[in-house]
Amino acid sequence: MLNRKPFVGGNWKMNTDLLSAGALARGIAAELVDRPAVDVAVFPPFPYLLSVNSILRERGAGIMLGAQDVYQKPNGAFTGEVSTEMLKDCGVKCVLVGHSERRHLIGESDDIVNRKLARSLEDGLGVVLCVGETLDQRQTGQTDAVNERQVRLGLADVSAAEMTRVIIAYEPVWAIGTGHTASPADAQDAHQKIRAVLADLYDGEVAASTRIIYGGSVKSANAAELFAQPDIDGGLIGGASLDAVEFLKIVRAAAPAGARHPA
Ligand code: PGA
């Protein structure tokens with residue numbers, strides 16, 4: 001099996017202000033300079049990208065700057081939107097697409113998610129594609145079908161070569177911000193099935209090398225158990241990423257990669 005480097009992302013959502021975003025970035029960067037075993041990214045709100053970027057760069061921390069969303073077209077007459085060019089200008093290296101809050105609160109379709117993903121890859125960015133079922137879908141036995149559909153439609157026309165820049169985040173909607181976490185066994189089951197979809201869409205190598213991370217009420221208290229599952233390659237962290245100490249504990253729980261994913 002290929003060795004997948006764990007990835008832990010902090011999705012700050014519509015939280016922080018200029019001062020607290022800076023303090024959070026400093027708190028994380030101070031500790032993470034020497035931790036190459038885990039890829040770490042933070043996803044601050046758009047207005048704070050530049051200041052967080054300069055804090056991360058000035059500390060020499062190998063933390064990736066991410067954006068929570070992006071528009072699917074190049075610069076032009078799209079009032080209020082933010083392009084890949086602008087994000088790259090601010091130091092952004094990867095973007096979230098298809099987060100459940102965008103799918104379910106803002107109304108983004110699988111087609112829009114796919115176009116955002118394609119535009120980001122075309123412009124050289126990495127992408128975290130978020131998928132996951134609602135409570136109603138879980139209770140009516142649709143979990144695997146929903147994940148499969150969102151993965152297939154989200155990745156439409158994405159080549160195997162481009163998949164090296166794609167991470168999939170399985171985030172059951174009922175677990176996001178609710179304090180309810182999927183059990184490690186349920187999360188592992190969903191991840192394994194998503195990996196099987198990748199094998200069918202591409203091949204065994206893409207399936208084995210693509211990182212699939214879990215999101216939904218991950219905390220330092222449950223991270224190690226989730227990350228110990230063979231198909232869980234890290235996490236996308238919301239609430240718990242707003243506290244540097246708590247986030248750093250979660251990052252530590254994702255290392256070392258070697259023990260979990262022997263080459
Ligand atoms: P949560 O959010 O950790 O607050 O549940 C996760 C996410 O939405 O990415």
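One-based numbering, in listed order, for ligands and for the atoms of each.
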K.L.:
Does an N or O from Ile237, backbone or side chain, lie closer than 3.5 Å to an N or O of ligand 1?
P.N.:
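No: no nitrogen or oxygen of Ile237 is under 3.5 Å from one in ligand 1.
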K.L.:
Could you grab the distance from atom CZ of Arg103 to atom CG of Leu105, nearest 0.5 Å is fine?
P.N.:
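With rounding to 0.5 Å, CZ (Arg103) is 12.5 Å from CG (Leu105).
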K.L.:
Starting from atom 4 (O) of ligand 1, locate the nearest protein heavy atom and write down its residue, its atom name and how far away it is, to 0.1 Å.
P.N.:
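Scanning the protein heavy atoms, the shortest distance from atom 4 (O) of ligand 1 goes to Gly239 N, 2.8 Å.
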K.L.:
What pairs meet the ring-ring contact (aromatic ring centres under 6.0 Å, His included) rule with one or both residues in residues 55-78, with sequence neighbours excluded?
P.N.:
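Pairs touching residues 55-78 that pass the test: Tyr71-Phe78.
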K.L.:
Could you check whether any heavy atom of Ala240 sits closer than 4.0 Å to an atom of ligand 1, since that is the contact criterion I want to use?
P.N.:
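The answer is no: ligand 1 sits nowhere under 4.0 Å from a heavy atom of Ala240.
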K.L.:
Pull out every atom of ligand 1 sitting under 4.0 Å from any heavy atom of Ser217, numbered as shown with elements.
P.N.:
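Matching atoms, with element in brackets: 1 (P), 3 (O), 5 (O).
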K.L.:
Starting from atom 7 (C) of ligand 1, what is the nearest protein heavy atom, named by residue and atom, and what distance separates them?
P.N.:
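Its nearest protein heavy-atom neighbour is Glu171 OE2, 3.1 Å.
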K.L.:
Once you restrict to heavy atoms under 4.0 Å, what part of Ile176 touches ligand 1? Side chain, backbone, both or neither.
P.N.:
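Contact part for Ile176 vs ligand 1: both backbone and side chain.
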K.L.:
Using side chain to side chain contact (heavy atoms under 4.5 Å, CB included) as the criterion, list what pairs up with Asp111, not counting sequence neighbours.
P.N.:
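Asp111 satisfies side chain to side chain contact (heavy atoms under 4.5 Å, CB included) with Ser109, Arg115 only.
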K.L.:
Answer side chain, backbone, both or neither: which part of Ala175 comes under 4.0 Å from ligand 1, heavy atoms only.
P.N.:
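The answer is the backbone.
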K.L.:
Using a strict cut-off of less than 4.0 Å between a Lys/Arg side-chain nitrogen and an Asp/Glu carboxylate oxygen, indicate whether Lys13 and Glu101 qualify as a salt bridge.
P.N.:
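Salt bridge between Lys13 and Glu101, a charged N being under 4.0 Å from a carboxylate O: yes.
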K.L.:
With atoms numbered from 1 as shown, which atoms in ligand 1 lie under 4.0 angstrom from a non-hydrogen atom of His99?
P.N.:
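Going through ligand 1 atom by atom, the ones under 4.0 Å from His99 are 7 (C), 8 (O), 9 (O).
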K.L.:
Please list the nearest protein heavy atom to atom 2 (O) of ligand 1 with its residue and the distance rounded to 0.1 Å.
P.N.:
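Nearest neighbour among protein heavy atoms for atom 2 (O) of ligand 1, to 0.1 Å: Lys13 NZ, 3.2 Å.
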K.L.:
Mark up the atoms of ligand 1 that fall under 4.0 Å of a heavy atom belonging to Gly216, in ascending order.
P.N.:
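With Gly216 as reference, the close atoms of ligand 1 come out as 5 (O).
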K.L.:
Look at atom 3 (O) of ligand 1 and say which protein heavy atom is nearest, naming residue and atom and giving the distance to 0.1 Å.
P.N.:
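It is Gly238 N, 2.9 Å.
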K.L.:
Would you call Glu122-Arg119 a salt bridge at under 4.0 Å N-O?
P.N.:
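Answer for the salt bridge query: yes.
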K.L.:
Taking C-beta and beyond as the side chain, do His180 and Ser217 meet within less than 4.5 Å on heavy atoms?
P.N.:
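His180 does not reach Ser217 side chain to side chain.
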K.L.:
Do side-chain atoms of Asn114 reach the backbone of Ala156 as a donor and acceptor pair under 3.5 angstrom?
P.N.:
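Checking the backbone N and O of Ala156 against the side chain of Asn114, a donor-acceptor pair under 3.5 Å is found.
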K.L.:
Can you list the ligand 1 atoms lying under 4.0 Å from a non-hydrogen atom of Asn11?
P.N.:
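Those qualifying, in numeric order: 9 (O).
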K.L.:
So that I can tick it off, tell me whether Asp69 and Lys116 are bridged by a salt bridge, with the cut-off set at under 4.0 angstrom between side-chain N and carboxylate O.
P.N.:
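Yes.
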K.L.:
List ligand 1 atoms under 4.0 Å from Gly177, heavy atoms only on the residue side.
P.N.:
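What qualifies from ligand 1 is 1 (P), 4 (O), 5 (O).
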K.L.:
Are any of the side-chain heavy atoms of Val173 and Leu135 separated by less than 4.5 Å?
P.N.:
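Side-chain contact under 4.5 Å: no.
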